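I have a structure I would like to understand better, so I am pasting it below and will then ask my questions one at a time.
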Protein chains: 2
Amino acid sequence: MSETRDRLLRAGERLFRAQGYSGTGLKQLASEAQAPWSSMYHFFPQGKEQLAEQAIRYGGELYAQMIRQCFATYPDPREAVAAIFAGEVKILRSSGFRNGCPVASVALDVASTTERVRKPCAEVFASWIAALAEGIAASGKPEETATDLATYILASLEGAIILSRTSKSVKPLEQTAQFVLHTLQGKLPRRARKAKNARAAAKS
Amino acid sequence: MSETRDRLLRAGERLFRAQGYSGTGLKQLASEAQAPWSSMYHFFPQGKEQLAEQAIRYGGELYAQMIRQCFATYPDPREAVAAIFAGEVKILRSSGFRNGCPVASVALDVASTTERVRKPCAEVFASWIAALAEGIAASGKPEETATDLATYILASLEGAIILSRTSKSVKPLEQTAQFVLHTLQGKLPRRARKAKNARAAAKS
DNA sequence: GTCTATACTTTGATAGAC
DNA sequence: GTCTATCAAAGTATAGAC
């Protein structure tokens, strides 16, 4: 609907992604969005948390679409996941290692302090896992295994992005991709379903 | 040497870990450390960046020791890595999902803005990778492969911590551990060394 | 819906007495 | 090394005219 509102959300996604939640000021955000300061509280009367919540969902939906797009283009999950990692390499490179994950930086900032913002972060992560799992399950794997795999893939991707962004090198992303892809082509852990047994073993 | 200085560093590690760099105020930090406000600039005349830099290194060294300890206790890399993941589960649980990685939250905050703090973050990550690689190489794997593996393990661990912290559930951590351990016991990706070829393939 | 102005708080950082 | 006081700037949020 509103043009200005969209610009605010996009600026939010950009800035939160690069500087985190606390590190981004609303005035900087409005200025970056070329929006008047008054629109800030016009469109988001509940302030920063409300804006962040919607910016997270906005960026999250974009990324979910990208994931689905990859699986639509490459029916083979291995190729799809390779494309996702490769896409991340491109994003990091072309942004000078500024654009990492639009959710992770906010999530770490607020996970323990601002419940209202933590929740959308968790939901977006869950939606990405669902998108990955759906793509994987489409190739014939049982659904539970697909969700476990999807969680593992997202975790590896997120961590690799952090390492790459911090070291300003795409190597961690590329190296991690190799092992994840290998997992995808190989046989899965014996009985990925029986997480309970494995859990007990890991604890000891 | 100084008792007060140590308390400030420890408080820094605690707070930065849970709230990020921008999200943590120096006054809150001094109060939490039960240190007078004046000691802040007495011990860290260059201000917040200097404190953060040293707090990062402090926490980083602690974690590196823990990694080495795990490999010393369990000569089998698989068991050592399982212990590291299990330890993280315990830390998250016992802290009410507050204590994630002491570096990642700061790294995402400042990676693109505060070079002085980004650098120690990158160095600490590198030291953890080195510690992991050393433990893995000790079991007979070639050195280059060990470093690649170590990067992959750390990435998966970091990402899993994020997912677990955000969702307030240890499931992502436990599921990710399963796949990582499976990679460790299985055969490695064909020619982990020839990263260049793989890189080219991932791009296409 | 936008403009200008402003209240109030917190931030990082200094100064000077002791 | 610590205390008290204070600074300028930036933070979020509001108010009222247009």
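Letters A, B, ... are given to chains in the order of the sequence lines, protein chains preceding strands, and every chain is numbered from 1. Since the model is a prediction, treat every value here as computed from it, not as a measurement.
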Between A:D148 and the options B:K171, B:Q178, B:Q175, the side-chain hydrogen bond (donor to acceptor under 3.5 Å, both in side chains) test singles out B:Q175
It should be established whether B:T4 places a side-chain nitrogen or oxygen under 4.0 Å from OP1 or OP2 of nucleotide D:dG1. no
Interatomic distance where CD belongs to B:E49 and C1' belongs to C:dA13 [whole Å]: 13 Å
5' priority, DNA chain C, between B:G25 and A:P36 [closest heavy atom]: A:P36
A:F43 CZ to D:dT14 P, straight-line distance once rounded to whole Å: 17 Å
Rounded to the nearest 0.5 Å, what separation is found between the CG atom of A:L9 and the CZ atom of A:F16? 10.0 Å
Using whole Å, report how far CD of B:Q46 lies from P of C:dG12. 16 Å
To the nearest angstrom, how far is A:F44 atom CZ from C:dG1 atom P? 12 Å
B:Q28 atom CD is separated from C:dT11 atom P, nearest whole Å, by 7 Å
With hydrogens left out and only the distance checked, is there a donor-acceptor pair under 3.5 Å joining B:K27's side chain and the base of C:dT10? no
Specify the separation, in whole Å, of atom CG of A:L51 and atom P of D:dG11. 14 Å
Side-chain atoms of A:S38 come closest, of D:dC3, C:dA13, C:dT2, to C:dT2
Kindly point out which of C:dG1, C:dG12, D:dA13 is positioned nearest to the side chain of A:K48? D:dA13
More than 12 non-hydrogen atoms from neighbouring residues, nucleotides or ligands closer than 6.0 Å to CD on A:Q34, yes or no? no
Picking from D:dA13, C:dG1, D:dG1, the nucleotide nearest the side-chain atoms of B:H42 would be D:dG1
Using a cut-off of strictly less than 4.0 Å, decide whether A:Y41 has a side-chain nitrogen or oxygen near OP1 or OP2 of D:dT14. no
Roughly how far, to the nearest 0.5 Å, is the OG atom of A:S112 from the CZ atom of A:R118? 9.5 Å
Looking only at the side chain of B:L26 (C-beta and beyond, no hydrogens), which of the listed nucleotides C:dG1, C:dA5, C:dA13 gets closest? C:dA13
When you match B:A35 and A:Y21 each to their closest nucleotide on DNA chain D, which lands nearer the 5' end? B:A35
Categorize A:T24 for me: base, sugar-phosphate, or nothing, with a 4.0 angstrom heavy-atom threshold over every strand shown. sugar-phosphate
Rounded to whole Å, the CH2-P distance (B:W37 to C:dG16) equals 18 Å
Using a cut-off of strictly less than 4.0 Å, decide whether B:S39 has a side-chain nitrogen or oxygen near OP1 or OP2 of D:dT2. yes
With a 4.0 Å cut-off, would you call A:E123 and A:K119 a salt bridge? no
